[in-house]
Amino acid sequence: MSENARSKPRGELAELSAQLQNLCTAGKRSDKELRAAKKDVFKKVINYMTLGMDMSALFPMMTSCANLSSDDLVLKKMLYLYLTHYATQTPDLALLTINQLQKDSADHDPMIRGLALRSLCSLRVTNFLEYVVTPIMAGLSDRHPYVRRTAVMGVLKVYHIDPNTVAQQGMVERVKRLLGTDTDVQVIANCLSVLMQLEPPARLAEKVLVYSLLNRIKEFSDWGQCQVLELASYYVPSSEAEVYDMLNALEDRMGHVNSAVVLATIRVFLRLTINMTATHQQVLERIREPLKTLISREDAPTVYAALCHVLLLAQRAPMIFEGDCIAFFCRTHDPWFVKKVKLEILTAIASSNNVYDIVTELTEYARDISPTMAREAVRAVGRIALAVPDSGGIIERLLMFLDGGSEHLIAEALVALKDVLRRYPDVAAVCVGGLGELGVHGAIEEPAARAAYVWILGQFGTLVPDAPYLLEAFAHTFAAEEPPVRLALLSAAAGLFFRRPPEAKPLLGAVLAAGTADSDVEVRDRALLYYRLLRADPAAAERVIAPPLMTVPWFSETLSGEAKDAIFADFNSLSVVFNKPAASFIERQAYHSLEAEPEPPAPAPATDLLAMEAPELLGADRATNLLADTDGADLMGGPTGDGSGAGPGGGGAADLLDLDIGGLGLGGGPSGPMGSGMGGGGAGMGGYGGPAGPGGPGGMMGPQAGYGMGPGPAGGPGFAPPAPTMAPAQASPLDLLGGFGPGPMGPPPPQQQLQRPQQPPPPHGMMGPPPGHMPPPMHQQQQPPRGPQMPPQQQPGLMMGGGIGGMAPPPGLGGPGGMPGMPPPLQQQQPRGPPPMQAPVTPLGPPGAMRGPGGGGDLLGLDGLGAAPAPAPASQELVLNPKARVSPAEFQAEWKRLPAAHSSSLAVSAANVAAITANNHRDFTTHMTQAYIHTIASGGQSPNFRYYFYGQTVTGTLYLVEMLLRADPSGGAGGSATTTVKTASPDPGQLAAFVELWSNCLAGFMLA
Amino acid sequence: MACSACSAIYFLNLRGDILLERKYKDDVDREIAESFRDRILNAQHQNASPGQSGPIRTLGSVTFMYLRHSDIYVLMLTRSNGNAMLSFRFMTSLVSLFQSYFEGDLNESSIRSNFVLMYELLDEVMDYGLPQISDPAILKTLILQKGYKSEGGLLGTSASEAAAKKAKEAAAAANATLAVTGAVGWRREGIKYKRNEIFLDIVEQVNVLMSQNGTVLRNDVVGRIQMKCFLSDMPELRLGLNDQMQDATFHQCVNLGAYESQKVVTFVPPDGEFELMRYRVNDGITLPFKVLPVISEVGRTRLEANVSVRSTFSNKMQAGPVVVLVPVPDNTASAKLLVTAGRAKYDATKKALVWKMSKFVGGAEHTLRAEVTLVASTREKKAWGRPPIQMQFQVPMLGASGLRVQYLRVVERKQGSAYKVDKWVRKLCKSGDYLVRI
C-alpha cells in the first residue's frame, strides 16, 4: 500500500483535497456521519504524513474542516498533530490556526487547554512567539495541574526558540516558584527537568529543595523519581551525617522495579560518598547485589546498559566484584554485545584469587561455535595473562589454544603470546619450544599473527632450534606478505643474525635483498638502514638491531585518569556505555545556560583530557599491540613517509641513505631517554611524532629530522644548510654522540638564540620550522665543556637509539635502540626534557594539540634547562612518576591540608598570557604533562585564570601546584603568574628540584 | 548530562521502513532515522549476525538506541549524553503501554491500524523529549480511544462507543490527574467486585551449569511474583515470605520502607494483573533434574552418547514437556537412538539429538542411548567444540529457590472483618539456561 501511495502522491493529494473540500460544505449528512467521515480522511492524511509524503498543501482544508467540528477532541488532536508537523514549513498558513489554538487554550476543559498549549508551544516559529507567551503565562497559574505542567514545558520550548523572551517575561522565576510551591508532583518534576536544562544542576541542588523533593520522592512517577535523583546527585552535603541521612532515605529506591530508578539511585550513592573512602567502599558493597539483579533481567538492552556501568566500576575498583565472577559468566542465549561486555568485565576483575575460575571459563568460550566469541575469549585470556602476575597457569592455557585449536584461535593466541613475552620474557623458555611444530607459515593467514610469530622467532630464536629455517619459509614468500609481516621479518632476520650468525646469514641476505627492492617505503627504509648499519659498523648495528629484550613493565591504559574521572562523573549516561567523555560524541550544545557560566575549576573539559593524554594513549595502543617492531608501520606514517618517499625520487639511493642516517643521528640524539621511559612503546610514539610526551625528546625529534632531511635530496637547493649536521654522523658514531648525546641534558647556551637567525632560512621556507636539525650544530659547538656530565659509555647507546628513532619509520627500531641507551640517570633527566621537545614536535604534532610554530620560544625553553642539571644532583633525586594519578577529590583534600611550601611570582607578557590560555589552555597543560606535571583543573575568565597541577614522585610524594595567571586587563603590559607549591615531602632538596623543574617548564613554554 | 532529552521516537519494521515517527525536538530529521536502516540494520546483515551489534550506536553526534519487539524496532534518537538505562526502560514501558491499549501484541500490523491512537499516546507520554506519564492505568483515563484488536479496518466502532460513554468517562478524566497526585496513583477509588479474589503466581526460572560429573559450577534462580487482584475498594495486602532472596525489586505499589525494616511486602495492589516483584536467589537451590552424560568419540567416524536424566522432586509432582538437546559434531551423518521414554531424533539444523518427553514424573530416571555415525572429515585435527547439553522443562508447583509464601493477609479498613477474599497461590518452575557440559 505504501509503495503504491509513494508512486503517485499527486493523485492521492488531489483526492484527499477534494474529499476535505466536500466535508467542509456537505451538510446533508448527520453530524455523526460527518465526523466519522472527517476522521477517516484525517487518518489517511496522517498516514501519508507518517510515510514521509508532503501533505502541507492540504493545510487550509484541514483547518477549516476541523474548525467546523471544533468540539471533537480526536479530530482536534489529529489536526494539531498535523499542524505541529508542518508549521515550520508553511508558517503563513499556520498563522490561520493560531486563533483557534488561543481560543482552545482558554477552553473550560483542562485537557483541551493543555493540548492547545502544548501544540502552540510546539509550532517552533519565531514570529508566533507573541501569541504563545500569554497562554503560557496563564497556563503557569492554571488551576489544573495538567495545564500547568504543559505550560512549564512550554517555557523550555520558548527558551530554545528565543531565550530573550523567557528572560523578559521572567518565566524562569515563575517556574522556580512553581517548583517550590506546587502540590502536583508531575508539575514539580517538569519544573525540575526544565530548570536543570537552563541552569547548572549543581547550583539548583540546594538543601531545602533537595530535601523536600527526597521526602516526597515516592509520590513521583518513575521518571520523576529519576529526575529528582539526578538533582540529588549534584547536591554537596555539608557534613558526613547528612550523607548518611540521605543514604538511609534513599536506600529503599534500590528495590524499585524500574531499573532506571535503581541506577539513578546508585549514581546518587556513588557521588555522595566519593570523598568518604570507607563509606564509598560500603556503598560499592551495597550496590553490588542490585547491579547483579539488573544484569540478570531478561531484556538484553537493559542488561547491556547495566553491564557497561558494572564495567566502569570494575575498572575503578576490581576488588568489589572479585568474588562475583560467576555472575559475569556468559549465558548461552546472551546476545553477542552482552557477552562482549561480560568478557571485558571478567578481564577487569581477574585477580590471583579468581583467575583460575575465570580462565577455565574463558577456555570453554574458546570452543564456542561463533569464531568471534572464541577469539574474543582467547584475547581475554591474553589480557589476563598480562594483568595478573601469577600467570603460570594462564600461559599454559594460551599454549593449549596453540595446540590443536582452529586457525583463528592459533592466530589470536600467537598475538597474545607475543605480548605476554614482552611483559614476562622469562617464560619464553617454557613457551617457545613447541612453536616450530605449528606450521604457522602454511596454516595461519592473518598478518598480525604471522608478524607476532616472526617476532617471537626473531627474539627468542636461540630457544627454537630451527628458527632460521622457519623464518626462511617466510623469506621465500617475502613479497607476498603484508607490510607488517615484512617489517617484522626484517627485524627478526637481523636480530637472529646476531644471535646465530652462521645459520641466519642466508636468511638475512635473502631478506635484505628482498627488502631493499621492496615497493613499500617503510620496508625498504628499514632494509636499507639495516644494510647500511651492518656495513658501517656491525657492533653498533647489534646494539641497535638486537639489544637485549627489555621487559615492558606495564602496558598503558587507553584512557587517562582524568578522562576516567570525567566518565565516572557522568555515571548513568551514554558516556559510560561508550567509555568516552561526553564531548567526544555529542556536539557542544548551541544553547546551554541562561547566564554565562564560569568554567568550574573541576575536571577540565573532556576533550582537553583526551588531547592531553593522547601521547600516552597512542603509545599505549601501540605498545599493547606489539613491540614497535612489527607494528610500527602504521604509526610512523607521516613523517618518514614524506621524507624517504621524496628522497628516492630525486637522488641516488646510496646518497639518500647516507643523508638519512645523518639526519637521524641528529634527530635521535636525545632519544635515549625516551626509550627508557616507554620501552618499545616509547619509540612507537616517537615515530608518531606529535605529542609523545612521556616518550622523550628523541622520538619527537626523530620524525622531525626524518622529515627535514627527506625532502632534501629531492628538493635540491633547500638542502644545503643541514649539511654540516651530516658530517659528524658520517665521521664516526662517537663523534656524533659527543655532539648530540647531551642534547637532553645539556642545555644549549643562550648563544643559540643569537645564532639561530644566522642559519640560512631556506629550510624554514621549505619544510616549516625544522628546528630538529638546526640546533644540533650548536650543540656540537657547545658540547665539549659539558661532555663530562654524561657518562661516556652511555653515549653510543643513546646515539644509536636516537638515530633510529629519528629514522623513525621503525618505531620498532627506535625502541630497541633506545633501550640499552637508557641508563637510570637519564630517566631522571627525562622530566626536564619537555622544553626542548617542544620545538621539534611543533610542526609535526597533531593539529591543535600543540601551540603554533614557536621555534624561538622553544629554544628559550632550552635556556631554562641550562640551570636544571645543577640542582638535581645536589638534592635527592626527583623522579616524577609519568603515571601519577590523583583524583580531584584527593587533590582538594591534600590542598586543604597542606601549607604552602613555596610561592613565587613572575611577570608574564601579554603574548604569553595569550599563549598559555590559547586553545582552551590545552597547549599549556599538554606542555606540562610532558614533564609529568599533570593538570587537574584549568580555567577561569579573563583577566584571571587558575591552573592546578600535580606531580608525584615515583616514591609517592605529591607536589601540588596552583598557578594564578592575571592578565593586565588593559591589555597593555601583560600580567603576572603567581605560583604556589604545596607538598608533604620533608626533603627540601626535592622541593627545590621540583620548583626548579616547574619554573623551567613554565619558562620553556613562554615565548621570548 | 542532566539534559537527557530524547529527540525523537521511531517505530520501524524489520526492513527499517518507518512505521511511525514522533519528533520531540527539532535537532533530528527523517533522514537521520533512515540512516538507521542503511548504516545499522544493513551493516548488521553484512556481518551475518543480525541483532548482535550493540543496542546503542552513535553516528555523527546522534545516538541511536533501539530495541526489538516482535517484528518491529523501537528507536530513540538523542543528541545529548542521554541516560541509556532510562531510555531503554522508557521504550519497554512504551511497548507495554501499547500492548495494554491494543489488548494484543505490538507489531507491524497493529501499528498500521492504530497509528492515530499511538500518536495520541506518544503526545502524552513525552513532552519535548522528557518522559511524562507512561502508566497505562492513568493514561487510560486521559485517552479514551481504544485500540483495534486486529486488522479490522481503519474505522472501528470505538469512536462512537467512546462518544456514548462520554458522560461516564469524562468524570473519570477529571479524576485522571488527581489519581497521579494521590498517594496510590495506581489504583482508582470505588472499584467493586462481587467476589474478592487474589491469584498469586510464583514463577521461577532456574539457571544452572553442571560439569560432566554432575558438579554444579554455577546456578541461580530468577523469580517473579505475578498477581491478579480482583478486589473491591482500597485493600492493603501483607505478604510474608521466608527470607531466601539475594536481592529483590518491587512494583511501585509496594511500600519499600516497610520491606526494608520488617521484610514484609506491604502494598495496595493495582486492579487486575501486575508483576508484584522480582527476586534472585543464589544459594540453597534444589535442582529439579540431574543429568549424567557419557559421550565418547570412538575412532573418527563414530560417537556414542549415553545420557541419563533423573528428576529429584517428589513423585507427587510431574514436569510438563521436557526437551533435552544433546549436541553432536557438525559432520554427523546419522544417529541410532534408543530412549526409555518419549521420542528422540537427530536434528541436523540444530546439530543436536532432540529428545522430547511429554511428561516426566518425580523421582524417575530416563535414559537416551545413541550411536552417532560421523562423516570422515577431510581436514585433520578440527576438534569438536563439545558444546553443553541443554534442557528445557516446566514443573508446576515446584519451587526451586526454597522461597515460600508464609502468609498473605488482606485488610480493608472500612469493611474490616466483613471483607472476604479467596486467595489462590500457584508455583511454576521453568528452565532458564539449564546446561550440562560434556
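Order of the sequence lines sets the chain letters (A, B, ...), proteins ahead of strands, with each chain counted from 1.
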Per-residue contact mode, A:I46 against chain B (heavy atom under 4.5 angstrom): both
Proximity breakdown for B:E260 and chain A, heavy-atom pairs closer than 4.5 Å: side chain
No-hydrogen, no-angle side-chain donor-acceptor test under 3.5 Å, B:Y279 and A:T293: no
B:S134, part contacting chain A, at a heavy-atom distance under 4.5 Å: both
Chain A contacts, top residue of B:L435, B:D26, B:I18, B:D330 (heavy-atom pairs, under 4.5 Å): B:D26
Options B:M85, B:M65, B:K351, ranked by heavy-atom pairs under 4.5 Å with chain A, top entry: B:M85
Any donor-acceptor N or O pair under 3.5 Å, side chains A:S573, B:N81: yes
Under 4.5 Å from any heavy atom of chain B - which part of A:F42: neither
Check against side chain to side chain contact (heavy atoms under 4.5 Å, CB included), B:Q132 and A:N190: CA-CA 8 Å; B:Q132 300 288 303; A:N190 281 8; 2.9 Å; yes
Contact origin within B:R386 toward chain A - heavy atom pairs under 4.5 Å: both
Side chain to side chain contact (heavy atoms under 4.5 Å, CB included) evaluation trace for A:E298 with B:Q205: CA-CA 11 Å; A:E298 281 138 41; B:Q205 189 175 314; 4.0 Å; yes
salt_bridge(A:R149, B:D127) N-O dist < 4.0 Å: no
Region of A:L294 in contact with chain B, defined by heavy-atom distances below 4.5 Å: side chain
Any donor-acceptor N/O pair, B:R280 side chain to A:E289 backbone, under 3.5 Å: yes
Student check: side-chain heavy atoms of A:V257 and B:F250 closer than 4.5 Å: no
Salt bridge (charged side-chain N to carboxylate O under 4.0 Å, His left out) between B:E124 and A:R118, worked out: CA-CA 10 Å; B:E124 296 292 340; A:R118 191 162 55 223; 3.2 Å; yes
Side chain, backbone, both or neither of A:L263 within contact of chain B (heavy atoms, under 4.5 Å): side chain
Chain A contact via B:Y24 - which portion, at a heavy-atom distance below 4.5 Å: neither
Under 4.5 Å from a heavy atom of chain B, the part of A:A264 involved: neither
Side chain / backbone / both / neither for A:H309 at chain B, heavy atoms under 4.5 Å: neither
Worked check of salt bridge (charged side-chain N to carboxylate O under 4.0 Å, His left out) between B:R218 and A:E361: CA-CA 11 Å; B:R218 63 167 180 265; A:E361 182 72 13; 3.2 Å; yes
Residue selection (most heavy-atom pairs with chain A, distance under 4.5 Å) from B:V222, B:L67, B:T63: B:T63
Residues in salt bridge (Lys or Arg N to Asp or Glu O under 4.0 Å) contact with A:R331, at least two apart in sequence or another chain: B:D220
Exercise: do A:E230 and B:N83 side chains pair donor with acceptor under 3.5 Å: no
Proximity breakdown for B:N255 and chain A, heavy-atom pairs closer than 4.5 Å: neither
Min side-chain heavy-atom separation A:K77-B:Y119 under 4.5 Å: no
Residue list, side chain to side chain donor-acceptor pair (under 3.5 Å) with A:S296, at least two apart or on another chain: none
Contact class of A:Q225 relative to chain B, heavy atoms under 4.5 angstrom: neither
Aromatic plane relationship, A:W223 with B:F90 - under 30° parallel, 30 to 60° tilted, over 60° perpendicular: perpendicular
A:D299 vs B:T92 side-chain heavy atoms within contact, under 4.5 Å: yes
4.5 Å side-chain heavy-atom contact, B:N282 and A:K292: yes
